[in-house]
Chemist: 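Questions regarding the structure given below will be posed in turn.
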Amino acid sequence: MKKVLLLIASAAVMAACGGPLSPQDKLTVNDKKINELIGQMTLEEKVNMLHSKTNMSSAGVERLGIADMNYADGPFGIREEGQPNGFMSAGWTLDSATYFPTGSALAATWSEELAYKYGTGMGKEARLRGKDVILGPAVNIQRLPVGGRTYEYLSEDPILSAALALEYTKGCQDEGTAVCIKHFAVNNQETNRGSVDAQLDERTLREIYLKPFERAIVEGGAMSVMPAYNKVNGEYCSENEHLLNEILRGEWGFKGFTVSDWGGTHSTMGAMLHGLNVQMTGSNYLGQPVIDSIKAGKLTEEMVDEKVRQILRVRYAIEAVPADVANQVMTSQPECQDIARQVAEKSIVLLKNEGKVLPIAKNVKSIAVIGQNAVLKTQSGGMGAGVKALYEVTPLQGIEKRAAREGIEVDYAPGYKNFPGRRWGPAPAQKDPLEADAIDEPADQFLMSEAVEAAANADLVIFFGGTNKNIETEGSDRKDIKLPCGQEELVQALYQVNPNLVTVLISGGPTDLQVLEPVSPAIVQGWWNGTEGGTALAEVLFGDIAPSGKLPFTFPRKLEDSPAYALGNFPDKNAGGDLFSLMYRPDVLKMSREERQKLIDSMPKPVSKYTERFYVGYRWFDTKEIAPMYAFGHGLSYVDFAYGEPKATASKDAVKVTFTLKNEGAMAADEVVQLYVSRPEAQVEWPAKELKAFQRVSLGAGETKTVTLTVPVKDLRYWNESINAWDLEHGKLQILVGSASDDIRVSTHVTI
Ligand code: BGC
């Protein structure tokens, strides 16, 4: 219905202007009606819209029939209903949602089609819950292997992240739910996230860190944007003139509204003058002080009108769900659970398969599943982005169910202790014997001997290692990427008694595999893979489907190889407390506003220098010729693919590259073909190569298809700092086509 309304109105404007409207300009089609409404509002009513009403809503104007704006975290499942004044559960029964695979898992599909479906799933379930805006997608570039939110974010590459962010946005908004794309911008670390100043050059900002936002906003019409906690080049994101006014509204033509990250508004004047619409949460900056500032002549009512107009554009682009329609059925819907399964199936990455240990051979009659990560649920934890899932199939459940069909026996042993991380509530009366006290605790001898015995008695060992959502979490970065709680010692012991061993890594980000790799003939990256994660994993392990995920980030051999570490840019020496957790600490909540501000001001003012510039992820590894453990884009299949010789043509608008792709195997399989560009004769500085296009191609057994990859010429430009604009370097491009960034199969060249 809302879509129809929008279309009719937009058709009218199109007719008036004589051309199609851009996705952002479509938001302005109700401006006339909106201006009339603003004319009827008191200043108090308008200002009341500029800050939180509850922890997850901002106010409308009931008198004028303007509904409140209801927000939901995002980004991989509609978060359970919280108390109006905080995140504590409201204790509802119909708010169990579908837990979709987390960001890095979605990105590992390299599938625009699945990202779109994922967005529709999120959008549908949001509406069932009466939510207008999803706080997602979360699209920041994965700069640091240790990043606490790597699991939420998509990838280390702007082209891949931008394509998926765009489709997620379109899918979600096509269902009538607005996205609030986050965290704008350069939000790449959790350490001191509330105060860190990310200092970077304009070219790196434009080419790497802004790209995913730009596509989702300009091409996808993302209706709202969440400025991040951090500062960028000296200014907080929520009052950053360059980011919010010059780029977002000025260059990209953004017509919707911005919502500060929770607790990320810093001043009345900064927010009012430099592009923030809604303070979340609280009203100490965008409440009464706005009215006072107008009275004092420091701000004008027209400024408030403009902010309200931008909010109302979104309010009228999506239809509010009436209270008696929302929350009538269970949030999690079968069709969304099915999308979650499809994404999980295509996300699993086969990193290594020596001696073709996988798929599980027909003569395997018993399997020892070792490791707590086979049974730990991953729907919640990791702070804000958790989901109360209607159900979650764990890896062990998936394997047991699938093995039963073949009459295979499955034995399980926990193998190692689980590190529960920081506890928010009181410690339980009795300590769980399966919980570790420290992340670097050595292997537990009892658990290890029990696991070794199970492994010795089985035909095949499947070891589940990796991290958990207390280790990789919002609010802090990992200290390192080492496998926790003695996992390395354990897997070595398992391999000694049974070398027929598969390792499945359950984590959102990369881990250090230096010890594990030599004792694991097969390695699978299994992610935090949503409600149907265990089902999908079993399908891959048993060979019902061929694995087809590709790494969305580099697995460094060691942490120190990665760019920000190699250059000493991270960790900074000035590490202090996190502003967000600080503000919700009970003693801080009791403080007066002045006391709280004093405390915040006294916190260290850390800086993060991005001197690695655009050499992020594989751009660094390739250029510096550092071999990673597993490269960006890597992922094996159960079949081989043959790439035909490519033909490339260049026009003013695009480079097109065509080649044949053959599935040489005996089963259906997908390949993700990747096109990288390198510039052997360039005058401008470029990384050794850069991803410029990709496509997931499904092929039946023995099937051949002709594939065409298109690179828009605008994606070949660079940000020329001397003219402060996008610029194109003409000349010869080497076109490298392959299965991974380190597995280029065919190449050609073209001149632009
Ligand atoms: C997170 C956001 C989230 C918000 C509301 C913040 O701490 O950074 O991503 O949407 O909380 O839960």
Side-chain angles (χ1 to χ4, degrees), residues 51-58 69-90 95 97 102-103 122 126 129 131-140 142 147-154 165 168 172 177-196 198 212-213 222 224-231 236-238 257-266 276 278-282 380-388 422 424 469 472-477 508 577-585 588-589:
H51 57 79
S52 63
K53 177 175 178 182
T54 67
N55 187 47
M56 279 287 160
S57 71
S58 54
M69 197 76 86
N70 292 315
Y71 308 89
D73 271 311
F76 50 83
I78 306 302
R79 189 172 179 177
E80 83 178 296
E81 191 65 21
Q83 303 277 356
N85 60 355
F87 292 105
M88 293 298 284
S89 167
D95 59 344
T102 67
M122 288 292 300
R129 284 280 305 286
K131 303 295 182 186
D132 304 295
V133 182
I134 283 178
L135 304 176
V139 303
N140 296 87
Q142 293 157 338
R149 299 185 92 163
T150 293
Y151 82 92
E152 254 186 274
Y153 295 156
L154 297 168
Y168 182 131
C172 184
T177 303
V179 300
C180 181
I181 193 164
K182 68 188 186 184
H183 307 86
F184 189 65
V186 206
N187 180 249
N188 310 109
Q189 68 182 64
E190 292 301 285
T191 309
N192 282 315
R193 65 172 168 167
S195 46
V196 69
F213 293 98
S224 69
V225 173
M226 184 190 290
Y229 282 130
N230 50 285
K231 295 178 182 171
Y236 275 113
C237 288
S238 60
F257 73 109
T258 58
V259 184
S260 78
D261 201 344
W262 272 225
T265 309
H266 293 277
L276 188 67
V278 178
Q279 171 182 2
M280 287 304 270
T281 56
S380 59
M383 268 169 74
V387 186
K388 183 172 95 182
R422 178 170 47 177
W424 292 94
K469 279 177 132 181
E472 284 185 67
T473 174
E474 179 182 339
S476 57
D477 298 308
D578 166 42
L579 182 67
F580 181 75
S581 25
L582 184 90
M583 291 205 333
Y584 288 84
R585 231 170 54 188
V588 176
L589 281 173

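Everything quoted here is computed from the prediction, not taken from an experiment. Counting starts at 1 for both ligands and their atoms, following the listed order.
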Chemist: Among residues at least two apart in sequence or on other chains, which ones pass salt bridge (Lys or Arg N to Asp or Glu O under 4.0 Å) with K388?
Modeler: E80, D95
Chemist: Between H266 and K231, is the side chain to side chain contact (heavy atoms under 4.5 Å, CB included) condition met? List the steps.
Modeler: CA-CA 11 Å; H266 293 277; K231 295 178 182 171; over 6 Å; no
Chemist: Determine, using heavy atoms of F87 and all atoms of ligand 1, whether some pair is separated by less than 4.0 Å.
Modeler: yes
Chemist: Pick one of side chain, backbone, both or neither for how M56 approaches ligand 1, counting any non-hydrogen atom pair under 4.0 Å.
Modeler: side chain
Chemist: Compute the shortest N/O to N/O distance between E152 and ligand 1 and return yes if it is under 3.5 Å, no if not.
Modeler: no
Chemist: Check the pair Y153 / N187 against side chain to side chain donor-acceptor pair (under 3.5 Å), numbers first and verdict last.
Modeler: CA-CA 10 Å; Y153 295 156; N187 180 249; 2.5 Å; yes
Chemist: At a 4.0 Å threshold, what atoms of ligand 1 neighbour a non-hydrogen atom of K182?
Modeler: 2 (C), 3 (C), 9 (O), 10 (O)
Chemist: Near Y229, which atoms of ligand 1 are under 4.0 Å from a heavy atom of that residue?
Modeler: 6 (C), 7 (O), 8 (O)
Chemist: Just which atoms of ligand 1 are under 4.0 Å from any heavy atom in L135?
Modeler: 10 (O)
Chemist: Heavy atom under 4.0 Å from ligand 1: found in M383's side chain, backbone, both, or neither?
Modeler: neither
Chemist: E472: which residues meet the salt bridge (Lys or Arg N to Asp or Glu O under 4.0 Å) condition with it, sequence neighbours left out?
Modeler: none
Chemist: Run the contact test for E190 against ligand 1 with a 4.0 Å cut-off on heavy atoms, strictly below, and give the result.
Modeler: no
Chemist: Could you tell me whether some N/O pair between H183 and ligand 1 is separated by less than 3.5 angstrom?
Modeler: yes
Chemist: Judged on heavy-atom distance to atom 5 (C) of ligand 1, which of N187, D261, D73, I134 sits nearest?
Modeler: D73
Chemist: As a quick check of understanding, evaluate side chain to side chain donor-acceptor pair (under 3.5 Å) for T281 and S52, giving each step before the final call.
Modeler: CA-CA 5 Å; T281 56; S52 63; 4.9 Å; no
Chemist: Which value, rounded to the nearest 0.5 Å, describes the distance between M226 atom CE and H183 atom NE2?
Modeler: 5.5 Å
Chemist: Between ligand 1 and R193, can you find any atom pair, the residue atom being a heavy atom, that is separated by under 4.0 Å?
Modeler: yes
Chemist: Which atoms of ligand 1 sit under 4.0 Å from any heavy atom of M226?
Modeler: 10 (O)
